[in-house]
Amino acid sequence: MKYLTDNYEINRDILKSDFKDCSDFLLREVIISGRRAFFCSFDGLADSLILSQMITNPVLSSEINAETPQEHFEIIKRSVLASMEMNDVETFEDCRFFLMSGFALFYIDGCRGALALGCQGWNKRSSEEPTNEAMVKGAKECFVEALNDNKALLRKRLKTSHLKLKQLRLGACASTCIVLAYIDNRVNIDSLKEVEDKLKNTNLDTVSDYGSLEPFISGNVKSFFSTVGNTERPDVLASKLLEGRIGIIVDGTPFVMFTPYLFSDNFSSLDDYDNPPFYASFTRLLKYLAFFVSVFLPATYVAIGSFHQEMIPTTLLYVIASSEATTPFPLVLEAVIIHILYEIMREAGLRLPQQIGHAVSIIGAIVIGEAMVSAGIIGEPMLVVVALTAIASYVVYPLYESVAVLRILFILLAGVSGMYGLIIGTGALAVNICALNNLSVPYTAPVSPLTPSSIGDTVFRQSWKKLAKRKFRIYDLEGSSNDRK
């Protein structure tokens with residue numbers, strides 16, 4: 001049965017059957033002014049104090065003279081209940097959803113609907129300092145797993161009626177709440193509708209985390225890079241929404257997605273706008289340099305050492321030759337082995353319990369830093385290259401996953417065909433990046449296609465006096481006359 005009926009026993013028995021063998025399901029039957037009624041909720045999801053003080057006590061102590069059950073229901077709804085969050089429920093599916101979201105359900109015999117009353121009270125984590133996006137001068141708060149808390153953190157940052165938080169329910173088997181966050185006078189309405197349609201057509205059983213939605217929102221071009229960004233900082237999301245982007249908040253995860261996402265977004269942070277322009281520009285240049293070092297340095301070393309030794313200064317060539325003469329493997333195999341070992345140790349340190357995680361770094365230093373070099377398995381110059389690459393890859397951490405795979409692919413290309421293969425691979429990567437496009441915004445904007453008015457805050461950071469005049473919007477980069485509605 002889909003809809004609630006006016007039969008008390010049928011509605012009660014269906015809910016009891018749905019939650020049979022659920023020890024945390026609570027149902028209390030009562031008599032109110034001569035009519036049968038029941039309250040139900042889930043222990044641990046609903047706050048028992050709020051439930052008793054704002055819902056059950058006022059209803060049970062009320063004396064109402066009503067001719068029909070529906071009139072009785074409306075009087076309680078309008079004059080008795082003290083709960084601010086109140087939703088009319090007509091289907092059993094909605095009953096199940098609200099109950100498992102921490103609401104209490106109230107039903108009176110003879111009515112064809114019920115009330116879902118907000119009294120959520122589960123344990124939740126407080127907003128603490130972000131762990132993945134640490135800022136020296138930025139705010140020390142982050143999103144949490146509770147959807148309502150995340151909406152409040154964003155609303156606190158953007159005190160404007162133009163901030164809209166549209167809630168959807170996704171999941172064919174178990175529903176999950178999703179919130180579309182946008183500023184209605186800055187977002188592109190067509191793009192907003194496109195994102196909403198993509199979310200509604202995901203056809204997932206449930207949304208366990210934000211990562212399961214990302215492929216549905218991003219573009220159709222296959223790439224190592226994503227056109228959907230994510231952040232755990234309310235201030236970052238607020239700044240993106242002010243640019244006309246769309247945020248997607250998923251219940252149960254502390255990371256919030258936003259789109260469109262640009263390649264240049266990986267190299268900027270909120271600290272850039274708290275530091276002087278000259279220093280912010282300097283750090284951005286370092287990040288771009290670190291990205292190229294982390295992707296191309298090992299492959300360049302393999303290509304030059306294997307095929308183009310004439311490009312190496314004579315003194316350095318003697319050092320490399322004497323070191324590599326004692327190793328049994330070619331340069332390309334050395335580079336692949338040591339990078340795979342590094343990724344294994346990194347993953348082990350990430351997944352191990354915190355108390356013993358430091359042991360991985362000690363073992364790694366002994367195995368790679370001492371034993372492998374002393375045994376002549378890995379050359380010392382290769383170890384230096386890998387160390388520089390590893391450090392550089394953490395400078396642009398949002399791109400770490402992409403860089404880790406691309407690095408090995410470029411090493412293999414360089415080991416097979418030298419600098420020629422490396423140049424061809426770089427060209428293919430550039431074409432792939434330029435082909436990425438999401439919601440009519442190119443991934444490489446504002447560099448390609450070139451938008452002179454917006455390029456000032458890409459590599460170099462302009463002063464706030466100039467940024468305040470620019471009034472940047474993400475859809476200014478479309479290269480078309482697509483009007484915002």
Side-chain angles (χ1 to χ4, degrees), residues 126-144 149-160 162-163 181-183 186-187 210 225-249 253-291 392-400 441 443 445-447 454-474 476-477:
S126 60
S127 181
E128 301 169 348
E129 184 174 353
T131 56
N132 294 292
E133 296 177 74
M135 300 287 177
V136 177
K137 299 181 179 179
K140 308 300 181 183
E141 63 180 4
C142 66
F143 288 117
V144 293
D149 288 0
N150 290 341
K151 291 192 289 185
L153 286 169
L154 186 59
R155 180 71 68 183
K156 185 178 70 173
R157 285 275 172 182
L158 294 173
K159 298 179 178 67
T160 170
H162 292 291
L163 173 62
Y182 60 93
I183 297 180
R186 301 200 176 197
V187 75
Y210 75 95
F225 300 91
S226 175
T227 55
V228 179
N230 64 80
T231 181
E232 60 176 345
R233 299 184 62 94
D235 45 4
V236 170
L237 182 63
S239 67
K240 301 303 180 186
L241 297 184
L242 287 170
E243 294 175 353
R245 310 197 203 201
I246 303 165
I248 301 98
I249 309 174
T253 177
F255 287 89
V256 176
M257 296 181 291
F258 60 90
T259 188
Y261 186 64
L262 306 180
F263 181 70
S264 59
D265 289 333
N266 296 296
F267 303 91
S268 62
S269 65
L270 278 183
D271 273 344
D272 294 346
Y273 301 96
D274 292 325
N275 292 321
F278 65 87
Y279 184 73
S281 301
F282 173 68
T283 55
R284 282 192 186 176
L285 288 173
L286 285 180
K287 291 177 182 178
Y288 280 100
L289 176 62
F291 169 74
S393 63
Y394 284 115
V395 175
V396 192
Y397 190 73
L399 291 174
Y400 184 86
V441 178
Y443 184 58
V447 176
S454 301
I455 202 170
D457 194 36
T458 303
V459 178
F460 300 97
R461 206 274 277 177
Q462 292 180 328
S463 67
W464 270 111
K465 290 182 178 179
K466 293 182 178 180
L467 291 175
K469 296 177 182 178
R470 195 161 59 94
K471 305 299 182 185
F472 172 74
R473 302 291 181 272
I474 190 69
D476 296 339
L477 305 177

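Hydrogens, waters and symmetry mates play no part in the numbers below; they use all other heavy atoms, side chains included.
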Quick one: are Leu154 and Leu163 in side-chain contact, heavy atoms under 4.5 Å? yes
Supply the atom-to-atom distance Asn230 CG to Leu237 CG, rounded to the nearest 0.5 angstrom. 11.0 Å
Would a distance-only check, ignoring hydrogens and angles, find a side-chain to backbone donor-acceptor pair under 3.5 Å from Glu129 to Glu141? no
When rounded to the nearest 0.5 Å, the distance separating CG of Leu153 from CD1 of Ile249 is 9.5 Å
Main-chain N/O of Pro130 paired to Arg233 side chain as donor or acceptor, under 3.5 Å: no
Just verifying a value: how many Å separate Glu243 CD and Ile183 CD1, rounded to the nearest 0.5 Å? 10.0 Å
Evaluate the side-chain proximity of Phe225 to Leu399: yes if any heavy-atom separation is below 4.5 Å, no if none is. yes
Do Thr227 and Val441 have side chains that approach each other closer than 4.5 Å (heavy atoms only, starting at C-beta)? no
Taking only residues at least two apart or on different chains, which pairs with a member in residues 265-277 satisfy salt bridge (charged side-chain N to carboxylate O under 4.0 Å, His left out)? Lys240-Asp265, Arg245-Asp265, Asp272-Arg284
Using atom types as modelled and distance alone, determine if a side-chain donor or acceptor of Lys140 lies under 3.5 Å from a backbone N or O of Met135. yes
Suppose we screen for ring-ring contact (aromatic ring centres under 6.0 Å, His included). Which residues come up paired with Tyr443, at least two apart in sequence or across chains? Phe263
Looking at NE2 of His162 and CG of Leu242, how far apart are the two atoms once the value is rounded to the nearest 0.5 Å? 11.5 Å
Is there a side-chain contact between Ile248 and Tyr210 (heavy atoms, below 4.5 Å)? no
Backbone N/O of Val396 and side chain of Asn266: donor-acceptor pair under 3.5 Å: no
Quick one: are the ring centres of Tyr400 and Tyr394 less than 6.0 Å apart? yes
Start with the C-alpha distance between Phe258 and Ile246, add both sets of side-chain angles, then the distance that settles side chain to side chain contact (heavy atoms under 4.5 Å, CB included), and finish with yes or no. CA-CA 5 Å; Phe258 60 90; Ile246 303 165; over 6 Å; no
Evaluate the side-chain proximity of Pro234 to Phe143: yes if any heavy-atom separation is below 4.5 Å, no if none is. yes
Can you check whether Cys142's main-chain N or O pairs, donor with acceptor, with Glu128's side chain at less than 3.5 Å? no
Give a yes or no answer on whether the side chain of Arg461 reaches the backbone of Asn275 with a donor-acceptor pair at less than 3.5 Å. yes
Flag the pair Pro446 / Thr458 as yes when at least one side-chain heavy-atom distance between them is below 4.5 Å, and no otherwise. yes
Judged by atom type as modelled, is there a donor-acceptor pair below 3.5 Å linking the side chain of Ser239 to the main-chain atoms of Val236? yes
Can you tell if the side chain of Ile474 reaches within under 4.5 Å of the side chain of Leu262, non-hydrogen atoms only? yes
Does the side chain of Ser264 reach to within under 4.5 Å of the side chain of Tyr288, using non-hydrogen atoms? yes
Please find the pair of heavy atoms, one from Pro398 and one from Tyr261, that lie closest to each other, and give the distance. CB-OH, 4.2 Å
From Asp235 CG over to Leu270 CG, what is the distance, rounded to the nearest 0.5 angstrom? 4.5 Å
